[in-house]
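This report refers to the structure that appears directly beneath it.
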Amino acid sequence: METVSFCRICEPTCGMIATVEEGKLVSLRPDKDNPVTKGFSCPKGLEMVHVVNDKDRVIHPLRRTSDGTFEQISWETAISEIGQRLRAVRDRHGAESIGWYVGNPAGFSHSHGIWATGFVKGLGTKHLYSANTQDTSSRFVASALIYGSPLVIPVPDVERSDFVLLVGTNPLVSRGSIMSGGNLREKYNGVVARGGRVVVVDPRRTETARAYEHIGVRPDGDAWLLMAILHVIFTEGLADSKAIARQSKGIDIIRDAALAYSPEAVIDRTGLPAHEVRQLARDLATAKSAAVHGRTGACLGRHATLVNVLLDTLCLVTGNLDRPGGLVFGEGPINFASFGSRIGAASYATAHSRVGGFPEVIGHMPAPLMAEEINTPGPGQLRALIVSAGNPVLSVPGSVELEQALHRLDLQVAIDIYLNETHRSADYILPAATMYERDDAVLVALDLHLTPFMQWTDAVVPPRGQARPDWEIIDDIARELGFSPLAGLPLSAFVPKRFARLANKLLSPLNGRLTPELVVDLLLRSGKDGDWFGLRPGGLSVAALRKEPHGRVLAPHIETGRLRSRIKGGRVDLADRRIQEALRRLANEQQPDTEYPYRLIGRREIRTHNSWMHNTPKHLDPKRRQRALVNPKDAAELGITDGDVVRIISATGAGEVPAALTDDVRQGTIAVPHGWGHGDAGWQIANAAGGTNVNAINSPRVEDLEPLSGMSHMSGVPVRLEAAAR
Ligand SMILES: Nc1nc2c(c(=O)[nH]1)N[C@H]1C(S)=C(S)[C@@H](COP(=O)(O)OP(=O)(O)OC[C@H]3O[C@@H](n4cnc5c(=O)[nH]c(N)nc54)[C@H](O)[C@@H]3O)O[C@H]1N2
Ligand SMILES: Nc1nc2c(c(=O)[nH]1)N[C@H]1C(S)=C(S)[C@@H](COP(=O)(O)OP(=O)(O)OC[C@H]3O[C@@H](n4cnc5c(=O)[nH]c(N)nc54)[C@H](O)[C@@H]3O)O[C@H]1N2
Ligand code: SF4
Ligand SMILES: [Mo]
């Protein structure tokens, strides 16, 4: 039997056709009839079939035994014991000593994030951590400062653009991030085919940089580069003053600051010839339309929040904000930014971390602080932690400290599909259903689709063994503690007042207990494309989408000219004092420490996904091992050749990785993929593939986190290299 569904590993959410035989998923192939992804998929997406059927998956609740191994227990026992132990911690130390870390895959479910957030809010603790501080927090904070909401994030209107500037993103491998555009290679090729340009700013000549034009910036040099581009635009009279006056306030602060950053003055920071930067600025400013888009390479540096502010500012000052071909503000059939604010998840700096005093970002605290939060006595000391869909021991800086600290917890619970490295200290593992074993819609992607789009999927196969959807597990733990994760949310969080009566009718037979399907249905039906509970036939509802399993395109492009209604105050606010602080920090930045002359950057590979796609048959191939990319000239100086092991030493940690020599990385730069460092977890193939945990090198220290966002510093980290002892 064939069933239509879609992949939920990353943003494109590619349409898939699943073949199911006797209740088992036997294969996946790209769905040619998906109107957005049109038969596109990547190898990871297809390999998901091995994950679903993996013999190493956790499919029964497990409890740690006294000899350190795990034993199978029933759901009833697991939930009741976890409830008991959480109650004990709460009774002795208060709810504020219980925490949650929610990992990346949670974002690709309709319910996991909402339920986990509801759990933490219902409990009344500040200890909510996530992959965000290793990924997007700096982007969220930039949006909070300039648009008044962390969840309002513009995307590049690639299909109508004449010039796309990509900063720190490698979409031909990552498939695009915080934007959802289906087959992006085709889209960027389209820009070039129309006579436009795609320019890639990256310290490495990446797959994307090779396919288009490359500007090989120094790692973490983006803030200086962007200031230099702004300098040229302002001093050469290339700014669109009408657009600036109409759409923003406070530009003088950035304009005045930019005076000090001529391309000539910042060569030692950008590593780029001044004429190249000048030309780039002129080309960008005079292009018929242009969009600037940054991702993890722009989000993980020392000035990450400022860099994100400057990326959008560049579009603003060239008249490319909120217009076709520029940077545009999508609005999905469920307006996620507005929903987020109704459930209290669109916050910034409403609370601060106990350690370090960092502001929360959408309710989340910096994950690198977890170890110190566990180790530091006093009220609110972290004593029990639930980790769902996350592997912070491999994904968060300061792995060694974190792993030691986790062993000190009174209780650690994992909700996952595997037993990963973080779970080596867990007391219970609760088996989650995989994406093909649950119904779903990817809410976070809805505002980010370049082609506004909506798709619903039912579960394709039942969960294996005793696995359950994440939201059900969270709901059960909460109920054991005496509350419902969604209890704190009024109906108005889901439907506007005018639909409340109609929605209530739908809810009353259910005693108000919300399931994800009901949540999505309420949001969709009352949304701008909804069926308004029957008042608008043909509008969206889950039932309507079930009849259109390949999904529905809602408009050919993102609507433009809507800035005023989409952002707080109607104008981009560049006057926030925190932007001024960030500019001051940039101006005062010391020249780098010569003890650590190299810069460590990350790298993503086609067949891996952070830490968890290393257990597929492809990874039996010894060719698929972790490698550090090193420039041949650097290698000669270090006395190493291809395949030799290089020792990478930072001020806080060290690790060893075999080198692959390539002049794709600039001299002085070393690129190492994260998510490796397997050895004794439950995934046997991954264990054999091994590798080194790069986050044992990156720093969790308070002084190394970006102050405005608590963002980890993972791009351009100062390191020293040595040939490892043979
Ligand atoms: N195959 C695959 N796809 C993935 C993932 C995966 O692990 N594997 N992960 C998914 C996730 S969780 C995310 S968040 C997205 C991320 O999506 P992307 O950000 O597009 O992914 P990366 O490949 O990490 O691209 C970041 C680029 O920034 C460059 N860079 C590093 N430092 C700097 C710097 O200082 N300045 C500039 N300008 N560039 C710099 C790196 O060389 C790299 O090419 O990818 C998603 N897609
Ligand atoms: N040095 C360095 N570190 C990085 C990055 C970097 O570029 N450089 N990138 C960062 C980024 S962008 C991200 S997003 C983070 C990711 O960091 P994390 O989210 O902490 O880690 P992942 O490796 O994505 O682990 C995901 C876990 O979820 C499990 N899982 C998969 N599907 C499901 C599901 O449906 N339900 C449940 N319950 N579990 C599931 C997997 O088995 C795995 O154990 O890593 C960050 N770390
Ligand atoms: S690009 Fe690959 S992993 Fe991402 S959604 Fe598409 S098939 Fe899945
Ligand atoms: Mo990510």
Side-chain angles (χ1 to χ4, degrees), residues 6-16 28 30 37 40-48 51 54 56-58 101-109 112 116 129-136 171 173-178 180 182-184 295-297 299-300 367 387-397 399 414-423 429-438 440 442 445 467-470 473-474 600-604 606-615 672-676 681-683 686 693-698 712-715 717:
F6 53 92
C7 180
R8 280 145 278 166
I9 298 177
C10 62
E11 273 85 333
T13 56
C14 301
M16 289 284 176
L28 292 165
T37 57
F40 170 75
S41 83
C42 80
K44 274 180 313 186
L46 302 178
E47 283 166 23
M48 193 60 204
V51 173
D54 198 336
D56 290 342
R57 249 184 79 188
V58 176
Y101 174 95
V102 57
N104 171 276
F108 294 87
S109 129
H112 188 153
Y129 303 93
S130 72
N132 286 355
T133 33
Q134 292 68 251
D135 185 348
T136 40
V173 169
S174 72
R175 315 300 173 180
S177 179
I178 331 196
S180 178
N183 183 350
L184 285 173
R295 233 8 303 278
T296 58
C299 279
L300 294 166
V387 176
S388 62
N391 193 0
V393 162
L394 292 195
S395 63
V396 174
S399 324
I415 304 175
D416 209 293
I417 61 176
Y418 283 112
L419 212 164
N420 71 29
E421 288 71 20
T422 302
H423 308 150
I429 317 284
L430 304 178
T434 60
M435 59 184 76
Y436 290 105
E437 298 165 330
R438 60 178 193 239
D440 230 337
V442 179
R468 290 181 180 173
D470 292 289
I473 302 173
I474 302 169
L600 170 63
I601 64 169
R603 174 158 83 95
R604 281 179 161 76
I606 290 199
R607 284 187 192 275
T608 73
H609 195 80
N610 299 322
S611 74
W612 67 279
M613 294 291 287
H614 293 167
N615 211 53
V672 185
H674 71 283
W676 295 81
W683 31 35
N693 180 359
V694 73
N695 285 316
I697 305 172
N698 291 330
S712 305
H713 183 205
M714 293 172 154
S715 272
V717 176

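Numbering starts at 1 and runs along the sequence shown. Any value given below was found using the heavy atoms of this structure, including those in side chains, with hydrogens, waters and symmetry copies removed. Read the numbers this way: they start at 1 and go in the same order the structure lists the ligands and their atoms. Source: prediction; values computed, not measured.
- Only backbone heavy atoms of T13 (N, CA, C or O) come within less than 4.0 Å of ligand 3; its side chain stays farther off.
- At a 4.0 Å cut-off, at least one heavy atom of Y101 sits close enough to ligand 2 to count as contact.
- For the residues S174, G103, S611, the heavy atom positioned nearest atom 22 (P) of ligand 2 is part of S611.
- Checking only distances, N420 does come within under 3.5 Å of ligand 2, N or O to N or O.
- With atom 29 (C) of ligand 2 as the reference point, the heavy atom nearest to it among D416, V717, V393 is part of D416.
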Query raised in the report: Are D416 and R57 close enough, and set up right, to give a salt bridge (charged side-chain N to carboxylate O under 4.0 Å, His left out), and what steps lead you there?
Result: CA-CA 9 Å; D416 209 293; R57 249 184 79 188; over 6 Å; no
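- For the pair R8 and F6, the cation-pi test (distance below 6.0 Å, angle within 45°) is passed.
- Contacts with ligand 3 closer than 4.0 Å are made by side-chain heavy atoms of M16 only, the backbone lying farther away.
- Closest to atom 45 (O) of ligand 2, if we only count protein heavy atoms, is S395 CB, 3.4 Å.
- Comparing V387, I9, I417 against atom 31 (C) of ligand 2, the shortest heavy-atom distance belongs to I417.
- Atom 4 (Fe) of ligand 3 has an N, O or S atom of C10 under 2.8 Å away, backbone or side chain.
- Taking every heavy atom of D470 and a limit of under 4.0 angstrom, the matching atoms of ligand 2 come to 34 (C), 35 (O), 36 (N), 37 (C), 38 (N).
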